[in-house]
Asker: 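Following this message is one structure expressed as structure tokens.
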Amino acid sequence: MTTPATTPLDLPDRYDAAATEPTIYQQWLDAGLFSAHAERSRRVGGDRDPFTIVIPPPNVTAVLHMGHGLDDSAQDLLIRWRRMAGDEALWVPGTDHAGIATQNVVERLLATEGKTRFDVGRAAFVTRTEEFVRETGGVILEQLKAIGASCDWDRTAYTLSPELSRAVREAFVRLHEAGLVYRGHRVIHWCPRCLTSLSDEEAEFEDTAGRLYHISYPVADDPTRTVTVATTRPETMLGDVAVAVHPDDERYRDLVGRQVRLPIADVLIPVIADAYTDPAFGTGVVKITPAHDANDFEVGKRHGLAMPVILDATGHMAEGAEAVGRVPAELLGMERMAAREWIVRRLEAEGRLGKVEPHQHAVRHCYRCATVVEPRLSDQWFVRMEPLARPALQGLRDGALRILPERHEAVYVHWLENIRDWNISRQLWWGHRIPVWYCDGCGGTPIVSRTDVTACPDCQGPVRQDEDVLDTWFSSWLWPISTLGWPDKDAPDLEAFYPTDVLVSGPDILFFWIARMVMAGYFFVGEAPFHTVYLHGIVRDTQHRKMSKSLGNGIDPLDVVRLYGADALRYTVIAGMGLGVDVMLDPDDLEKSFATGRNFATKLWNIGRFLLGNVGAEPVRPLAEIPAAALTRADRWILDRLDVAIAECDAALGPARPAGGRWTEAERYVGLRLNDYAESARRFVWNELADWYVESTKARLQGGADAEDREVARAVSVHVFDGALRLLHPMMPFITEALWQKLPGRAAGEFLCVARWPERRREVPAGGGEFERVRAVVSAVRQVRSDYNLAPGRTIDVRVVPAAGARDVLEGEAALIGRLARCELTVASDAGPEAAAHVLLAGGDEVVVPLAGLVDLEKECQRLRTELAQLEKQLGALTARLGNESFVARAPAAVVEAERQKAVEWEARRAQLHEKVTALCGA
RNA sequence: GGGCGAAUAGCUCAGUUGGUUAGAGCGCCUGCCUUACACGCAGGAUGCCGGGGGUUCGAGUCCCUCUUCGCCCACCA
């Protein structure tokens, strides 16, 4: 190894992410760079636009997985971008107490001790859970630091904190005061394992292969007749109170009003007519079980039917209210699936079982434990959603709110337009206790209160609080307002930072969380909580399966950080993050999955090592002080390319906020193309800065032949590398910060993290400029070298015959071309007679590589003839198009003009090629 | 059952309102340890843009249809 272990600037020859990243992160923290200052917000008289993101709060007991890695990388990118752009950037971190999820975890812990939560009791269980959260919770927030998340940790929130709990109570009470919270008695989704009710969203459909059982019920007053019902759930039949047919169904019209005998339970139930029945499905007769099916419940209400309960909370057979005598003794206490088997066998024995068909249907499952949900009749608290949905819909239509990708807007609208009331009570112990108290003494109306109630206001007697807790999402939907200080009306953060800006999330919680936040924002504060919803894709494995713990196909982001660094992780996921497109990673090959990011980080490091090492520590001259004439063609080119890169990155990231407060049609779906941003920045750094500018500047920086020119090269090099680091910083914060701080002229305590986002020096004119000519000649020579297998070390003679007006450029850059292409370049007036390889460039320059003994004239002619034939074909098509009157008349003038110009160029090139072929190869 | 989306190089995906010879990363092939980088450099190959039909001067892009896949929603037991 000839390279010294370290350069004078102390840049190791291999970037050590593991050693660098924690140090840098600590520097940012120590400097307080992530802390937002409310008073700087323009909304309260400051001079900065606020830019706020609230993190989708992970479950407090969660550990970081790749989904977070993606989600939080995107958020950090946006926050860092805006921070650099001069906004007062606030990223609010925090966690969610996650009612069912956390309770389940602690219950599993108790189970290892052979106990249930009922053994320890409510108070002790809650204490135990609090301890568990205190000990193990919040790990994920520490892990976020490892990936560089620039959250304002002083504002870390927790849905079950006293502050946020106060917001939850306030919200409940206000909704109640507005008549939007009510107690409802109806069939809801019940998880017999979690022992709680669930909202519609929490009871997820899953296609399941079931069976459709046909059961015949004898008609009571006609022993010769039976009616056959079809059901997927025979175990519920003991709760039947009727069978229903469609009012217009001729087959059963005469039976309506008569009775049938319910097998096994042996009770008489009526045949009723109800339009709910679909005559085309099954037999056209449906059994009605109001206590165990939401639809049947509605039918039961319409017909004033009894609602016998035959399953208990745990999903075991029981005789509840109005069901006494219906369930045979052997069945009592039997689990529902076993009961199904038992009943089917019994029906078969009694000759009541008809055909049993395989039946594919959607069955609801608990979203936390995947247990089949049991519809259950019970009393729950509900939120009337329709009034809340209206402004949320209007906000989207008005452009106060946009959702990217666009297609999700339709999903959002459809859900809100068909919104159903929200069951917010959970029969859990972990969560916000519902702020309702009952007085058993006087039995008056329930007391809904912001503060704890200790005695009945009417009779002074004892009161008891509602046993239930609120749905976890009832605290989550307040997140953008509660974390900023609501319900304090004059909370400084609320005034300075609300509404927030972008909400970043996967599409899976659009209904659970995002749409509800919008509703809460409008209802409680009167404004949408953010103007942009950015929905990214899901992380999947190579078989396109969602990464999950149970499948064991997950990737631990911390493994990736340890192996390749946070920057590599971030770059990889962001470069792969098309708008709304899933990101595919291979959990079995981290090397391959993250090579993109790791390779790019290494490249960047090496550019830095070279440039910083050769530029030295002396401050460079400001670009503005360098006369234009002192800039080389390469200098001008790379400065232009930087401007192009800045323009492309700005365009890809898009408008930070709607210019006029509302999204206009023109800008509504623009921006947040994170992968485009990544690609533009990468292309500039790698394919332009490293491949061309650094290569072409080596001699100027190292040679020292011309001290004045070296200063120019130093200044331009530092300027463009600085620009590159700024462009990359939101995506790769650590390595860019490490390099940036070593740029010459940096004072101690300066941070890229808060340096200004780059701005273009000028509009970049169209056309490649003179340096493009240099690049084309170099590429042509390299191609010839490769075609003829010339050893890289061998310097060859090359002649170039310039196009009209290009002589100065080529003569001026002959030395540079010679270095880049390893050749002795002479500018000639004609190609010369001997055997040589010829490349005719698009700009009209001709590169001639005489290679005595190597060049095969036949081959050269073949190549040139092929090229000529191809060009003639294309030119023919172009000429035909231009000769087409319809085209000329109907195509936009600019298009026609462009085609004309192209035709002129092609014709010139054709002539040149033709001449070359004639001269070289004869007719 | 309803709605939405996707189908482009071996793989993952770009391709903006129709307008040059359809691009990138990874992979692959050839040659190189050229004193920043082999996690690299230089060069290269690979596409009936899912099938069919239509609109248009012009279609990967718009319309219809078929096929395949995916997602969301849904009270047919």
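Only this structure's heavy atoms are used, side chains among them; waters, hydrogens and symmetry mates stay out.
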Asker: Distance check, C1' atoms only: C33(B) and C26(B), in whole angstrom units.
Answerer: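 Looking at atom C1' only, C33(B) and C26(B) are 23 Å apart.
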Asker: Please tell me which of the listed nucleotides, A74(B), C73(B), G25(B), lies nearest to the side chain of Phe511(A)?
Answerer: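 Looking only at heavy atoms from C-beta outward on Phe511(A), the closest nucleotide is C73(B).
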Asker: Write down the distance between CE (Met584(A)) and C1' (G27(B)), rounded to a whole number of angstrom.
Answerer: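 Computing the Met584(A):CE to G27(B):C1' distance gives 17 Å.
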Asker: If I take atom CZ in residue Arg14(A) and atom C1' in nucleotide C39(B), what distance separates them, rounded to the nearest angstrom?
Answerer: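 In whole Å, C39(B) C1' and Arg14(A) CZ are 6 Å from each other.
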Asker: Separation of Arg233(A) atom CZ from C75(B) atom C1', in whole Å?
Answerer: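 Whole-Å distance recorded here is 14 Å.
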Asker: Rounded to whole Å, please give me the gap between CD in Glu591(A) and C1' in C39(B).
Answerer: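 My rounded result for the distance is 8 Å.
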Asker: When the ring centroid of Phe512(A) is compared with that of Tyr367(A), is the distance short of 6.0 Å?
Answerer: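 Yes, they do, as the ring centres are separated by less than 6.0 Å.
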Asker: From the set G19(B), A36(B), A77(B), return the single nucleotide nearest to any side-chain atom of Ile607(A).
Answerer: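 Nearest nucleotide to the side chain: A36(B).
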Asker: Using a heavy-atom cut-off of 4.0 Å across all strands, would you classify Trp906(A) as base, sugar-phosphate, or nothing?
Answerer: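 Counting heavy atoms under 4.0 Å across all strands, the contact made by Trp906(A) includes a base.
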Asker: Given C75(B), is OP1 or OP2 found less than 4.0 Å from the side-chain N or O atoms of Arg364(A)?
Answerer: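 Yes, within the criterion.
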Asker: Using a cut-off of 4.0 Å on non-hydrogen atoms, how would the nucleic acid contact of Phe205(A) be classed: base, sugar-phosphate, or nothing?
Answerer: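 Contact class for Phe205(A): base.
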Asker: Of all the nucleotides listed (G19(B), G5(B), C76(B)), which has the minimum atom distance to the side chain of Pro892(A)?
Answerer: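 That would be G19(B).
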Asker: Please pick, from U21(B), G19(B), C75(B), the nucleotide with the shortest atom-to-atom distance to any side-chain atom of Gln874(A).
Answerer: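 Nearest nucleotide to the side chain: U21(B).
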Asker: In the structure I gave you, are the side-chain heavy atoms of Arg673(A) and Glu679(A) within less than 4.5 Å of one another anywhere?
Answerer: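 Answer no - side chains too far apart.
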Asker: Have a look at Val895(A) and say if it touches a base, only the backbone sugar-phosphate, or nothing, with a 4.0 Å heavy-atom cut-off.
Answerer: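 Base contact.
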Asker: Report yes or no: is the cationic atom of Lys698(A) (NZ for Lys, CZ for Arg) closer than 6.0 Å to the six-membered ring centre of Phe610(A), at no more than 45° off its axis?
Answerer: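 Judged by the rule, Lys698(A) and Phe610(A) form a cation-pi pair.
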Asker: Would Lys902(A) and Glu905(A) pass as an ion pair if we require N to O under 4.0 Å?
Answerer: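 Answer for the salt bridge query: no.
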Asker: Using the C1' atom as the point on both nucleotides, what is the distance between G25(B) and U46(B), in whole Å?
Answerer: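 It works out to 16 Å between them.
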Asker: Between Ala791(A) and Val583(A), who's closer to the 5' end of RNA chain B by nearest nucleotide?
Answerer: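 Mapping each residue to its closest nucleotide by heavy atoms, the 5'-most match is Val583(A).
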Asker: Let me know, please, whether Asn599(A) or Gln783(A) comes out on the 5' side of the other along RNA chain B by nearest nucleotide.
Answerer: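 First, find each residue's nearest nucleotide; the 5'-ward one identifies Asn599(A).
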Asker: Looking at G50(B), which nucleotide sits across from it as a Watson-Crick or G-U wobble partner, both distances under 3.5 angstrom, or is there none?
Answerer: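 Matched G50(B) with C66(B) under the 3.5 Å cut-off.
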Asker: Under 4.0 angstrom, heavy atoms only, what part of the nucleic acid is Val694(A) near: base, sugar-phosphate, or nothing?
Answerer: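 Touches a base.
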Asker: Taking 4.0 Å as the cut-off, does a side-chain nitrogen or oxygen of His246(A) come that near to OP1 or OP2 on C76(B)?
Answerer: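 Checking C76(B) against His246(A), no side-chain N or O comes under 4.0 Å of OP1 or OP2.
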Asker: More than 12 heavy atoms of other residues, nucleotides or ligands under 6.0 Å from CD of Glu885(A): is that the case?
Answerer: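 Open.
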Asker: Indicate, with a heavy-atom threshold strictly under 4.0 Å, whether Ala595(A) touches base, sugar-phosphate, or nothing.
Answerer: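 Nothing, no nucleic acid heavy atom in range.
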Asker: Across the strands shown, which category fits Pro507(A) at heavy-atom distances under 4.0 angstrom: base, sugar-phosphate, nothing?
Answerer: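 The answer is nothing, as Pro507(A) stays clear of every strand by at least 4.0 Å.
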Asker: Tell me the interatomic distance from Phe610(A), atom CZ, to U34(B), atom P, rounded to whole angstroms.
Answerer: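 Nearest whole value for this atom pair: 16 Å.
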Asker: On a plain distance test, is the side chain of Glu695(A) in donor-acceptor contact with the base of A36(B) below 3.5 Å?
Answerer: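 Answer is yes: a donor-acceptor pair is held.
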Asker: Any idea how Trp605(A) and Tyr15(A) line up, ring-wise: parallel (<30°), tilted (30 to 60°), or perpendicular (>60°)?
Answerer: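 It falls in the tilted class, 30° to 60°.
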Asker: Looking at G58(B), I'd like to know if its phosphate oxygens (OP1 or OP2) sit under 4.0 Å from a side-chain N or O belonging to Asn884(A).
Answerer: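 No.
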Asker: Using a heavy-atom cut-off of under 4.0 Å over every strand shown, decide if Ala690(A) touches base, sugar-phosphate, or nothing.
Answerer: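 Base, at least one base heavy atom under 4.0 Å.
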Asker: Of the listed nucleotides (A77(B), G43(B), C76(B)), which one gets closest to any side-chain atom of Thr231(A)?
Answerer: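 Out of A77(B), G43(B), C76(B), the nucleotide with an atom closest to Thr231(A)'s side chain is A77(B).
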Asker: Can you tell me the distance, in whole Å, between the CG atom of Asp691(A) and the P atom of C41(B)?
Answerer: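 One finds 6 Å between P of C41(B) and CG of Asp691(A), rounded.
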Asker: In whole Å, measure the gap between the P atoms of U17(B) and G5(B) for me.
Answerer: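 Straight-line distance between the two P atoms is 15 Å.
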Asker: Hunt down the Watson-Crick or G-U wobble partner of G25(B), both distances under 3.5 Å, from any strand shown, or write none.
Answerer: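 Here G25(B) is engaged in a pair, and the nucleotide opposite it is C11(B).
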Asker: With rounding to the closest Å, how many angstrom separate the P atoms on A36(B) and G27(B)?
Answerer: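 Each nucleotide's P atom is 24 Å from the other's.
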Asker: With sugar-phosphate meaning primed atoms plus P, OP1 and OP2, does Ser786(A) contact a base, only sugar-phosphate, or nothing at under 4.0 Å between heavy atoms?
Answerer: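 Result for Ser786(A) = sugar-phosphate.
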Asker: State whether the side chain of Arg598(A) and the backbone N or O of Glu591(A) hold a donor-acceptor pair below 3.5 Å, judged by distance alone.
Answerer: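 Judged by distance alone, no pair lies under 3.5 Å.
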Asker: Between G18(B) and U12(B), how far apart are the two C1' atoms, rounded to whole Å?
Answerer: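 It works out to 27 Å between them.
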Asker: With rounding to the closest Å, how many angstrom separate the P atoms on C75(B) and U16(B)?
Answerer: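 The answer is 39 Å between these two P atoms.
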Asker: Give a yes/no on whether any side-chain N or O of His544(A) is located under 4.0 angstrom from OP1 or OP2 of U12(B).
Answerer: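 It does, given that an N or O in the side chain of His544(A) lies less than 4.0 Å from OP1 or OP2 of U12(B).
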Asker: Please pick, from G25(B), A14(B), C37(B), the nucleotide with the shortest atom-to-atom distance to any side-chain atom of Asp676(A).
Answerer: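 For the Asp676(A) side chain, the nearest candidate turns out to be A14(B).
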Asker: By the 4.0 Å heavy-atom rule, please label Val286(A) as base, sugar-phosphate, or nothing.
Answerer: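 Base contact - Val286(A) has a heavy atom under 4.0 Å of at least one base atom.
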Asker: Under 4.0 Å between any heavy atoms, over every strand shown, what does His292(A) touch: base, sugar-phosphate, or nothing? Just pick one.
Answerer: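 No contact.
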Asker: What is the distance from CD1 of Ile796(A) to C1' of G31(B), rounded to the nearest Å?
Answerer: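 The answer, rounded to whole Å, is 15 Å.
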Asker: If you check every side-chain atom of Asn606(A), which of A74(B), U34(B), C37(B) has the closest atom?
Answerer: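 So the side chain of Asn606(A) is nearest to C37(B).
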Asker: Any idea which of A36(B), C4(B), G25(B) is nearest the Lys603(A) side chain?
Answerer: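 Given the options A36(B), C4(B), G25(B), the side chain of Lys603(A) is closest to A36(B).
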Asker: Pick one: which of Tyr571(A), Tyr564(A), Phe594(A) meets ring pair (Phe, Tyr, Trp, His ring centres under 6.0 Å) with Phe600(A)?
Answerer: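 Going through the options one by one, the only one that passes is Tyr571(A).
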Asker: Give one of base, sugar-phosphate or nothing for Arg598(A), where a contact means two heavy atoms less than 4.0 Å apart.
Answerer: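 Here Arg598(A) touches the bases of the nucleic acid.
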Asker: Using modelled atom types and a 3.5 Å cut-off, is there a donor and acceptor pairing between side-chain atoms of Thr283(A) and backbone atoms of Thr228(A)?
Answerer: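 Confirmed, Thr283(A) side chain pairs with Thr228(A) backbone.
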Asker: Using purine N1 to pyrimidine N3 plus N6-O4 or O6-N4 for Watson-Crick, or N1-O2 and O6-N3 for G-U wobble, each under 3.5 Å, what pairs with A42(B)?
Answerer: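 The base-pairing partner of A42(B), which may sit in any strand shown, is U30(B).
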Asker: Considering just the side-chain nitrogens and oxygens of Lys592(A), establish if one lies under 4.0 Å of OP1 or OP2 belonging to G27(B).
Answerer: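 The answer is no; no side-chain N or O of Lys592(A) sits under 4.0 Å from OP1 or OP2.
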Asker: With heavy atoms under 4.0 Å as the rule, sort Arg785(A) into base, sugar-phosphate or nothing.
Answerer: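 Here Arg785(A) touches no strand at all.
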Asker: So, is Arg420(A) close to the C75(B) phosphate, meaning a side-chain N or O under 4.0 Å from OP1 or OP2?
Answerer: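 Answer yes for this pair, as a side-chain N or O of Arg420(A) is under 4.0 Å from OP1 or OP2.
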Asker: Rounded to the nearest Å, what distance is computed from the CD atom of residue Glu409(A) to the C1' atom of nucleotide C71(B)?
Answerer: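 For the pair Glu409(A) CD and C71(B) C1', the rounded distance is 17 Å.
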Asker: Across all strands, who's sitting opposite U20(B) as a Watson-Crick or G-U wobble pair, both distances under 3.5 Å?
Answerer: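 The base-pairing partner of U20(B), which may sit in any strand shown, does not exist here.
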Asker: Which whole number of Å gives the distance between the P atom of C49(B) and that of U8(B)?
Answerer: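 To the nearest whole Å, 11 Å.
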Asker: Examine Arg782(A) relative to Trp692(A) and say whether NZ or CZ is less than 6.0 Å from the centre of the six-membered ring and inside a 45° cone about the ring axis.
Answerer: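 Judged by the rule (NZ or CZ under 6.0 Å from the ring centre, within 45° of its axis), Arg782(A) counts as positioned above Trp692(A).
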Asker: Among the nucleotides U20(B), G43(B), C39(B), which one has an atom lying closest to any side-chain atom of Thr602(A)?
Answerer: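 Of U20(B), G43(B), C39(B), C39(B) is nearest to the side chain of Thr602(A).
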Asker: Are any of Trp605(A)'s side-chain N or O atoms less than 4.0 Å away from OP1 or OP2 of G40(B)?
Answerer: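 For G40(B), OP1/OP2 do not have a side-chain N/O of Trp605(A) under 4.0 Å.
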Asker: Identify whether any heavy atom of Gln901(A) sits under 4.0 Å from a base atom; if not, whether one sits that close to sugar-phosphate; answer base, sugar-phosphate or nothing.
Answerer: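 Answer is nothing: Gln901(A) stays at 4.0 Å or more from every strand.
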Asker: When we call it a touch if two heavy atoms are under 4.0 Å apart, what does Ala891(A) touch: a base, just sugar-phosphate, or nothing?
Answerer: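 Base, at least one base atom sits under 4.0 Å.
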